[in-house]
Protein chains: 2
Amino acid sequence: MTERGMLIVLSGPSGVGKGTVRQAMMNSGYRDFKYSVSMTTRKMRPGEVDGVDYYFRTKDQFEQEIANGGMLEYAQYVDNYYGTPLKYVNQTLDSGRDVLLEIEVKGAMQVRAKCPDAVFIFLTPPDIPELKHRLVGRGTDDETTIMKRVRKAADELKMMSNYDYAVVNDKVPLAVERIEEIIKSEHLRVARVMDRYMAMLADTGLAD
Amino acid sequence: MTERGMLIVLSGPSGVGKGTVRQAMMNSGYRDFKYSVSMTTRKMRPGEVDGVDYYFRTKDQFEQEIANGGMLEYAQYVDNYYGTPLKYVNQTLDSGRDVLLEIEVKGAMQVRAKCPDAVFIFLTPPDIPELKHRLVGRGTDDETTIMKRVRKAADELKMMSNYDYAVVNDKVPLAVERIEEIIKSEHLRVARVMDRYMAMLADTGLAD
């Protein structure tokens, strides 16, 4: 019997660097997971590739997918949809591989409700002024949008209580290292390995 | 305000190698914890030092300590007492340092009842035949004692359900690495860091 993979949810305030950390994870030595590419209706940014960074879809296409029950989670955020197609996640978990989701806070709460045994990691900015600095530095948003996001980030930070772990994104390689340690440790949680040990005892005739 | 240290409880069946793993942890690069020396009434083994490996005490002395309420946990095991003096543990946690206990399974359950936010790590043998092999190899016990312990180990393995993590002691350096990852990850658990983040938000005037 193949043990089912573990669902890892990486989330956090907009602008905290979720995408950068996720990409660094995919380029690191630790590759024992599959990344689930999200679907979005937002515009492609320079350097992004359809099917790699996101599945870029129209609003109509996205809403059709929702209607078909094909989304594990989705949320509207700054006038765009973001979401996770269900099929790839289930197939990969069933094959015994871990799946990494990098999703928005609202979507993470939907996964929490549906998959209580997933691992929920909340990426945090070193501090709120630093978050604002990053959004300005990205140069893709005007000042009103930035202030809206900073306020939202403060609100989202309070949502941390719904997560299992808080990882500060002070330096990307450090954040990646912490996340990898969390994943490895979570695989040792008794709730996840108990069945395997009981099967071993049964094999040696000592289960009763 | 100093954040309180974390209590780490390393336990597992007799003969699994708790002492070896604990000593390897104390000699490893990761030293961000204090080891709480246990008290026992068992005879000193060659190479052991009083106050380093254990506080070696008489049965009368140990029972006096119990009567004084000075033990965090204790258990009788193969006709000897083993236990943890309370005072050092509390002082060290209050100073902000983590404390590592390496204790028997019965004692660990007492700590669980008293300190629910401690981290409970269960060290497991790669398999039960391997455990028997180790006890025989140690050469300190006769066959009846060994069989008693193997049976006990199988029973104790079922007690894993009362722990947070199961770490297999296949190779000592690997077991140490896993335990260190668990400790670091546990320090990132939201339940442990939430207060610190809320204090940061309060400082930026964004808490409400």
Side-chain angles (χ1 to χ4, degrees), chain A residues 12-13 30 119-132 150-168 174-175 177-208, chain B residues 12-13 30 119-132 150-168 174-175 177-208:
Chain A
Y30 182 79
V119 181
F120 291 83
I121 302 172
F122 193 83
L123 202 62
T124 76
D127 50 50
I128 296 287
E130 170 65 19
L131 171 69
K132 190 177 166 187
V150 168
R151 183 77 232 175
K152 197 177 174 66
D155 288 344
E156 286 181 330
L157 208 48
K158 294 167 207 161
M159 296 187 66
M160 187 195 288
S161 60
N162 298 309
Y163 289 73
D164 300 311
Y165 297 94
V167 169
V168 62
L174 290 180
E177 193 180 311
R178 289 168 194 136
I179 292 168
E180 288 174 357
E181 286 170 350
I182 288 168
I183 295 171
K184 287 191 239 173
S185 297
E186 275 293 325
H187 274 291
L188 303 179
R189 286 193 82 84
V190 165
R192 299 187 196 279
V193 301
M194 191 76 190
D195 288 352
R196 197 195 314 149
Y197 277 96
M198 288 306 106
M200 185 190 84
L201 275 187
D203 284 349
T204 60
L206 287 165
D208 303 319
Chain B
Y30 182 79
V119 181
F120 292 83
I121 302 172
F122 193 83
L123 203 63
T124 76
D127 50 49
I128 296 287
E130 170 66 20
L131 171 69
K132 189 176 169 187
V150 168
R151 183 77 232 175
K152 195 177 176 68
D155 287 344
E156 286 181 330
L157 208 48
K158 294 168 206 160
M159 294 188 67
M160 189 195 286
S161 60
N162 298 309
Y163 289 73
D164 300 309
Y165 297 94
V167 169
V168 61
L174 291 180
E177 195 181 311
R178 291 170 193 135
I179 293 169
E180 288 173 357
E181 285 170 349
I182 288 169
I183 295 171
K184 287 192 239 173
S185 297
E186 276 291 326
H187 273 291
L188 303 179
R189 285 194 83 83
V190 166
R192 299 187 196 279
V193 301
M194 191 76 189
D195 288 352
R196 199 196 313 149
Y197 277 95
M198 290 305 107
M200 186 191 81
L201 275 187
D203 283 349
T204 60
L206 287 165
D208 301 320

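- In this structure, B:Arg192 CZ and A:Tyr165 OH are separated by 9.5 Å, a value rounded to the nearest 0.5 Å.
- With respect to the salt-bridge test (charged N to carboxylate O, under 4.0 angstrom), the residues B:Arg189 and A:Glu186 qualify.
- Atoms CD and CD, on A:Glu181 and B:Glu177 in that order, are 9.0 Å from each other to the nearest 0.5 Å.
- Annotation for B:Val193 and A:Ala166: closest pair CG2-CB, 3.8 Å, computed over non-hydrogen atoms.
- Shown here for A:Lys158 and B:Met194, the closest heavy-atom pair between the two residues is O-CE, 3.8 Å.
- The side-chain heavy atoms of A:Ile182 and B:Leu188, taken from C-beta on, include a pair separated by under 4.5 Å.
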